[in-house]
Amino acid sequence: MTVLRIDGSIQGVRSSSSALADLVMEPIAARLPDEPVLRRHLGRHPLPADAWAIAVGAAYVPEDQRTAEQRDALSLAQAVAAELRDADAAVLALPLYNWGVSQHVKAWIDLAIIGGGAGVPLLEGKPVVLVVTRGGGYGPGTPKEGWDYATPYLRRILAEVWGADLTVVERELTLVGVNPAMDALTDLAAVVKTVAEDEAKAAGRALADRLEANASAAA
Ligand SMILES: Cc1cc2nc3c(=O)[nH]c(=O)nc-3n(C[C@H](O)[C@H](O)[C@H](O)COP(=O)(O)O)c2cc1C
């Protein structure tokens, strides 16, 4: 059994999404200490930006005529898809940048789709926790309502295209305390943070329950 952990933050140790994903992982580490965790940090070690286009082109070239570059791109795409297909569960920490997913996250998704096959449910029925963090506020009635183009896209890919049993933990207003223009939201941001942390811990407990149940069924 393997848990796939993917991080997309470009903010290093200051990452709020990675901190929340750590909370999701805590019950798994405590209750299933031997559970292997495969980590891919897309922000720290981005996948090559040109690999997807090369892999797409390579799919139209007979196998024995592919260049080394095409073979490398296809094998990377297949490896990324296999990580999803072989995982028993996944924890994904993918922040909002410029109102969408980062290029790093998009490159990962595109490679998994070309490597695994378009429309193939790589996460069929598997428990997946998606952690999303946003600097601003996007709730109903706020000026930026509807501007988060990442979360609906990620829900579509993870739950509908890849078939995951998806739980989403969201924390917004993370730029309060960083951007002085948001100081009036300090109390609200503190509540939002606590709620998100509680949700992350609950999602981690539920994930550990599922993994323990899988392990006993397999024994
Ligand atoms: C380059 C960049 C672009 C960002 N764009 C947005 C944005 O469009 N909307 C938003 O609400 N916050 C935005 N933010 C703030 C991040 O969403 C926020 O810092 C969040 O906590 C990022 O997660 P992380 O701490 O795990 O990196 C941006 C931050 C950076 C560094």
Side-chain angles (χ1 to χ4, degrees), residues 3-29 37-49 80 83-84 87 89-112 128-158 164 166-204 207:
V3 177
L4 178 63
R5 159 91 185 252
I6 303 282
D7 289 85
S9 177
I10 60 167
Q11 306 203 87
V13 293
R14 290 182 295 115
S15 168
S16 55
S17 57
S18 294
L20 274 181
D22 287 346
L23 291 180
V24 177
M25 296 299 294
E26 266 176 20
I28 299 166
V37 178
L38 179 64
R39 295 191 66 151
R40 197 177 258 289
H41 201 306
L42 301 169
R44 207 172 288 151
H45 307 290
L47 293 160
V80 167
E83 289 171 3
L84 290 158
V91 177
L92 316 172
L94 307 178
L96 180 71
Y97 295 133
N98 297 336
W99 307 288
V101 294
S102 70
Q103 56 166 316
H104 303 143
V105 172
K106 186 64 167 56
W108 171 69
I109 291 170
D110 286 340
L111 278 170
V128 173
V129 179
L130 167 66
V131 172
V132 178
T133 46
R134 299 182 283 264
Y138 294 80
T142 59
K144 286 282 191 289
E145 178 181 1
W147 280 58
D148 172 1
Y149 292 97
T151 312
Y153 166 72
L154 290 167
R155 282 181 184 275
R156 284 252 187 262
I157 296 292
L158 295 168
L166 184 65
T167 301
V168 182
V169 175
E170 298 179 72
R171 177 185 163 203
E172 51 181 29
L173 301 178
T174 66
L175 287 179
V176 171
V178 178
N179 177 355
M182 297 173 77
D183 280 354
L185 299 169
T186 300
D187 292 346
L188 177 60
V191 172
V192 168
K193 179 172 185 278
T194 303
V195 169
E197 287 170 351
D198 289 346
E199 288 179 2
K201 289 176 195 165
L207 207 51

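Note that the structure is a prediction, hence the values are computed from the model and not measured. Atoms within each ligand, like the ligands themselves, are counted from 1 in listed order.
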Less than 4.5 Å apart, any side-chain heavy atom of Val169 and any of Arg171? no

Backbone or side-chain N or O of Gly136 under 3.5 Å from ligand 1 N or O: yes

Please could you name the atoms of ligand 1 that Ser15 approaches to less than 4.0 Å, counting only its heavy atoms? 24 (P), 25 (O), 26 (O)

What's the separation between atom CG in Leu23 and atom NZ in Lys201, rounded to the nearest 0.5 Å? 6.0 Å

Below 4.5 Å, heavy atoms only, C-beta onward: do Arg5 and Asp22 meet side chain to side chain? yes

I want to check something: taking the side chain as every heavy atom from C-beta on, are Leu92 and Val129 in contact at a cut-off of under 4.5 Å? no

Identify the protein heavy atom lying closest to atom 23 (O) of ligand 1, giving its residue, its atom name and the separation to 0.1 Å. Thr133 OG1, 2.8 Å

Look at atom 31 (C) of ligand 1 and say which protein heavy atom is nearest, naming residue and atom and giving the distance to 0.1 Å. Gln11 OE1, 3.8 Å

Flag, side chain of Ser15 to backbone of Gly12, donor-acceptor distance under 3.5 Å: no

Among protein heavy atoms, which lies nearest atom 1 (C) of ligand 1, and at what distance? Ile10 CD1, 4.3 Å

Under a 4.0 angstrom heavy-atom cut-off, which atoms of ligand 1 come close to Thr174? 18 (C), 19 (O), 20 (C), 21 (O)

Measure Tyr138 to ligand 1 on non-hydrogen atoms and call it side chain, backbone, both or neither using the 4.0 Å cut-off. side chain

Looking only at protein heavy atoms, which one is nearest to atom 30 (C) of ligand 1, and what is the separation? Tyr97 CD2, 3.6 Å

Which of the numbered atoms in ligand 1 are under 4.0 angstrom from any heavy atom belonging to Pro95? 22 (C), 23 (O), 24 (P), 26 (O), 27 (O)

Would you mind running through ligand 1 and noting each atom that sits below 4.0 Å from a heavy atom of Gly135? 10 (C), 11 (O), 12 (N), 15 (C), 16 (C), 17 (O), 18 (C)

Name the one of Ser9, Ser17, Ser18 that satisfies side chain to side chain contact (heavy atoms under 4.5 Å, CB included) with Thr133? Ser17

Does Leu47 reach the side chain of Val80, with side-chain heavy atoms less than 4.5 Å apart? yes

Does the side chain to side chain donor-acceptor pair (under 3.5 Å) test come out yes or no for Asp183 and Thr186, once each step is laid out? CA-CA 5 Å; Asp183 280 354; Thr186 300; 4.7 Å; no

Given that the side chain starts at C-beta and the backbone is N, CA, C, O, which of these parts of Asn98 lies under 4.0 Å from ligand 1, counting heavy atoms, or is it both or neither? both

In terms of residue, atom name and distance, what is the protein heavy atom nearest to atom 25 (O) of ligand 1? Ser16 N, 2.8 Å

Can you find a heavy atom in the side chain of Tyr138 that is under 4.5 Å from one in the side chain of Leu96? yes

Using distance alone, decide if ligand 1 has a nitrogen or oxygen within less than 3.5 Å of any nitrogen or oxygen in Trp99. yes

Without swapping roles, check the side chain of Tyr97 against the backbone of Arg134 for a donor-acceptor pair under 3.5 Å. no

Atom 26 (O) of ligand 1 [closest protein heavy-atom partner, distance rounded to 0.1 Å]: Ser17 OG, 2.5 Å

Candidate with minimal heavy-atom separation from atom 14 (N) of ligand 1, of Val132, Val131, Leu96: Leu96

